[in-house]
Amino acid sequence: MPTVSPQTTEQPLPSPGRPKKKITIIGAGISGLVAAYELERRGHRVEILEGRLDVGGRVRTHRFLPGRPGPSVELGAMRVPATHRRTMHYIRELGLADRVREFRTLFQDDAAYLETPSGHQRIRDASQTLVAELRRRLGSHDYDDATVLFGAWLAVRVNAIAPRRFRESIHDGLDREILGLVEGIDLRPYVYGRGRDRIDLHALFAGHPQIQAGCTGRLYRFVEDIVNETSSRLIRLHGGMDQIAHRLRDRVRGPIGRGQEVVGIEVRDRDVVLRMRRGFGTVTRNCDYVLCTVPFSVLRTMDLVGFDDEKRAIVHDMKYWSATKVAFHCREAFWEAEGITGGGSFTGGLIRQTYYPPAADDPALGAALLASYTIGDDADVLGRLRRPDRIALILDELTAIHPQLKIPGMILGVADQVWGTAPSSRGAAAVRWGKDIATCEAERRSAARPQGRLFFAGEHCSTYPAWIEGAIESADNAVREIEFHETGGSTAVVTGGCAVSEEPA
Ligand SMILES: Cc1cc2nc3c(=O)[nH]c(=O)nc-3n(C[C@H](O)[C@H](O)[C@H](O)COP(=O)(O)OP(=O)(O)OC[C@H]3O[C@@H](n4cnc5c(N)ncnc54)[C@H](O)[C@@H]3O)c2cc1C
């Protein structure tokens, strides 16, 4: 695995005698911005073509009252595992270390709710029900009480995080594979709570890496992600995650064109031709080098020429999951009166997860509630509804545990994002859950493999798909590949801009 550059300043890096290149980057998400920043530090020239009017891509902070210290909500990435060292590196590098705060997640606030077979229960009261449910499912399998306690709290995380079809397909595997791996470990040090009915899964996974390592193939990545997503070592950025993108944007010196939608890519021997939408027609650009960071779910809708068969196959076949988020601007943080001080509820039903973001700088301006966060087929169900129906459904389900939402004047505004159908992403993230490690790596290599002078980056080209960490890792790798790409005798000295010509649609 590549290591993060130990440099912590934005000083130019020495690049002994390598010819300088001119690189056109498609996409100003995190991978495109990091690549631009690092290429410039190495003396290369970059320009970015971004299809939307803002940078950040799938890192998107919504401010309910722009320009005022009101509440905000993350419609894309919202937390970073402290173990994601590349992401943490850039947070420091970009001067954002003083904005780092703890991100409180699902299962961290005992007053929050869980959907259980006995209905919604406070997390602190749910253990007995969860254990009874697992014992029922296990039937005649005879495991220790502590193993069953572990299984029960793992199962509820799986229910909360995995989309419907996936969670149905893996329950058996979880029961058979993981409980077998845990039985025989002394779990007493990990059991806690007044009723000795809770178990510290993260300490257990950290103390016994053989559990995750023993999860053959299909479960490995999934277990890694659920451990990360419900870890107590998650951080957020006070003021919004989009500050990462905005700080990078401010440091990139080359032009960042907004509203520059690329609709076609042709790979040729010595250059790459991009076709971009312009009014009712298109314009073309001949570029020395191109780094494409758009998700393959978008790339496969473009006109692609000069790609080899294997590359076409991975662009076409890479699987993406959707995500849908719906947030309310509430008059006040009414959940605090119920003792909920943050974290999230596993609300179940169609809305799945509900988060209670931290208070706004000025609480008199209201509070944000991330009413529903869904992924995969659960997100598709909500995404297919008309917006008013989606909002009505979420309100209806959520008032079962939070009736205050029905109080007139409680909801001041709504923000939502259906990633599955957004033209700039056509999905939330590439999915590797359910694939063994070798298959994941083969897919990653194939996704990242260049075509002539066309290179690829983006979370889908990384070992951390669906994380900012993956976007950065892929940018790191692409920068190195571009830097060391042999020019084959053609001029690699930076020349003027790309040749542009217009043609009708
Ligand atoms: C709902 C959700 C929750 C998430 N939660 C987390 C989290 O908590 N923590 C975490 O670390 N990660 C999270 N992620 C993942 C993280 O946001 C992504 O992995 C990362 O932001 C992807 O960056 P990228 O540069 O690979 O792609 P993108 O951010 O998608 O960047 C690609 C860019 O290309 C642009 N583009 C697309 N098409 C074109 C075109 N035709 N022409 C020109 N430009 C184009 C897009 O507008 C975009 O700006 C989440 C993602 C989603 C959707």
Side-chain angles (χ1 to χ4, degrees), residues 23-36 47-60 75-77 245 256-267 272-278 282-285 287 290-307 310-325 375-376 379-380 383-384 417-432 443-444 446-451 454-462 465-468 470-472 474-475 478 505:
I23 303 105
T24 302
I25 298 175
I26 312 174
I30 297 296
S31 59
L33 289 166
V34 166
E47 65 169 345
I48 303 184
L49 304 173
E50 166 55 49
R52 297 181 67 249
L53 297 179
D54 200 3
V55 302
R58 283 169 275 172
V59 174
R60 197 168 299 174
L75 294 177
I256 304 179
R258 327 279 166 94
Q260 304 284 331
E261 187 193 353
V262 175
V263 293
I265 304 178
E266 181 181 353
V267 177
V272 179
V273 183
L274 299 184
R275 203 146 55 77
M276 286 141 58
R277 201 183 296 287
R278 219 29 120 259
T282 56
V283 295
T284 57
R285 266 174 194 244
C287 306
V290 172
L291 173 61
C292 174
T293 72
V294 305
F296 281 0
S297 44
V298 175
L299 186 62
R300 59 188 169 232
T301 66
M302 295 184 194
D303 248 355
L304 304 177
V305 179
F307 283 45
E310 191 198 327
K311 193 75 193 186
R312 275 182 188 285
I314 186 79
V315 170
H316 187 265
D317 296 342
M318 183 164 286
K319 192 174 165 211
Y320 279 79
W321 270 351
S322 318
T324 300
K325 281 189 174 182
I375 63 169
D380 288 331
R384 273 194 294 270
Q417 178 69 45
V418 179
W419 289 98
T421 52
S424 61
S425 63
R426 294 176 184 262
V431 183
R432 306 249 162 82
E443 203 171 88
R444 184 200 68 77
S446 174
R449 192 170 59 82
Q451 299 285 280
L454 173 64
F455 293 79
F456 295 89
E459 51 89 25
H460 51 289
C461 300
S462 77
W467 292 97
I468 293 173
I472 298 176
S474 71

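The model shown is predicted, which means the values in this text are computed figures rather than measured ones.
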Point to revise | Non-hydrogen side-chain atoms of Gln417 and Arg60 separated by less than 4.5 Å | key: yes

Point to revise | Least distance between heavy atoms, Ala428 atom then Ala323 atom | key: CB-CB, 3.4 Å

Practice item. Output yes when a side-chain donor or acceptor of Ser31 lies under 3.5 Å from a complementary backbone atom of Ala471, and no otherwise. Key: no

Revision key, fill the gap. Nearest heavy-atom contact between Val59 and Ala77 is CG2-CB, 4.2 Å

Practice item. Go through Ser322 and Trp419 one step at a time and tell me if the side-chain contact (heavy atoms from CB on, under 4.5 Å) criterion holds. Key: CA-CA 6 Å; Ser322 318; Trp419 289 98; 5.8 Å; no

Practice item. Check whether any side-chain N or O of Lys325 sits under 3.5 Å from a backbone N or O of Gly76 as a donor-acceptor pair, and report yes or no. Key: yes

Check your understanding: Any salt bridge between Arg278 and Glu261, counting N to O under 4.0 Å?
Key -> no

Check your understanding: Is any side-chain heavy atom of Ile23 less than 4.5 Å from a side-chain heavy atom of Val290?
Key -> no

Review point. Hey, are the side chains of Arg285 and Leu49 touching, using non-hydrogen atoms and a 4.5 Å cut-off?
Key: yes

**Study point:** Closest approach of Thr293 to His460 (non-hydrogen atoms, all atoms of both residues)
**Key:** O-CE1, 4.1 Å

Practice item. Measure from the side-chain N and O atoms of Lys311 to the backbone N and O of Gln451, and report whether any donor-acceptor pair falls under 3.5 Å. Key: no

Point to revise | Reported OG1-to-CG distance for the pair Thr282 and Leu274, which is rounded to 0.5 angstrom | key: 11.5 Å

Review point. Tell me, do Ile265 and Ile26 make a side-chain contact under 4.5 Å, heavy atoms counted?
Key: yes

Exercise for review: Check whether any side-chain heavy atom of Leu299 lies under 4.5 Å from a side-chain heavy atom of Cys292, and answer yes or no.
Suggested key: yes

Review point. Within a strict 4.5 Å, meaning less than it, do heavy atoms of the Arg432 and Arg444 side chains meet?
Key: yes

Review point. Parallel, tilted or perpendicular: which describes the rings of Phe456 and Phe307, with under 30° parallel and over 60° perpendicular?
Key: perpendicular

Exercise for review: Kindly compute the distance separating CD1 (Ile256) from CD (Glu47), expressed to the nearest 0.5 Å.
Suggested key: 11.0 Å

**Study point:** Evaluation steps, side-chain contact (heavy atoms from CB on, under 4.5 Å), between Val294 and Val262
**Key:** CA-CA 10 Å; Val294 305; Val262 175; over 6 Å; no

Point to revise | Pairwise salt bridge (Lys or Arg N to Asp or Glu O under 4.0 Å) hits with a residue in residues 422-431, at least two apart | key: none

Point to revise | Between CG on residue Leu454 and CG on residue Leu304, distance to nearest 0.5 Å | key: 9.0 Å

**Study point:** Euclidean distance, Ile314 CD1 relative to Arg449 CZ, rounded to 0.5 Å
**Key:** 10.0 Å

**Study point:** Considering all heavy atoms, the nearest Ala478-Ala457 contact
**Key:** CB-CB, 4.1 Å

Check your understanding: What are the two closest heavy atoms between Ala475 and Ala35, and how far apart are they?
Key -> CB-N, 3.9 Å

Check your understanding: Which heavy atom of Gly427 sits nearest a heavy atom of Tyr320, and at what distance?
Key -> CA-CB, 4.5 Å

Exercise for review: Nearest 0.5 Å please: distance from the CE atom of Met302 over to the CZ atom of Phe296.
Suggested key: 11.0 Å

Exercise for review: Only pairs at least two apart or in different chains count here, so list each salt bridge (Lys or Arg N to Asp or Glu O under 4.0 Å) that has a residue in residues 297-306.
Suggested key: Arg275-Asp303

Exercise for review: In sequence, state the C-alpha distance, the side-chain angles, and the governing distance for Ser446 and Glu310, and then conclude on side-chain contact (heavy atoms from CB on, under 4.5 Å).
Suggested key: CA-CA 8 Å; Ser446 174; Glu310 191 198 327; 3.5 Å; yes

Check your understanding: Is the closest basic N to carboxylate O distance between Glu459 and Arg58 below 4.0 Å?
Key -> yes

Check your understanding: Rounded to the nearest 0.5 Å, how far apart are CD1 of Ile48 and OG1 of Thr24?
Key -> 10.5 Å

Practice item. Indicate yes or no for a side-chain donor-acceptor contact from Ser474 to the backbone of Gly458 under 3.5 Å, with no hydrogens or angles considered. Key: yes

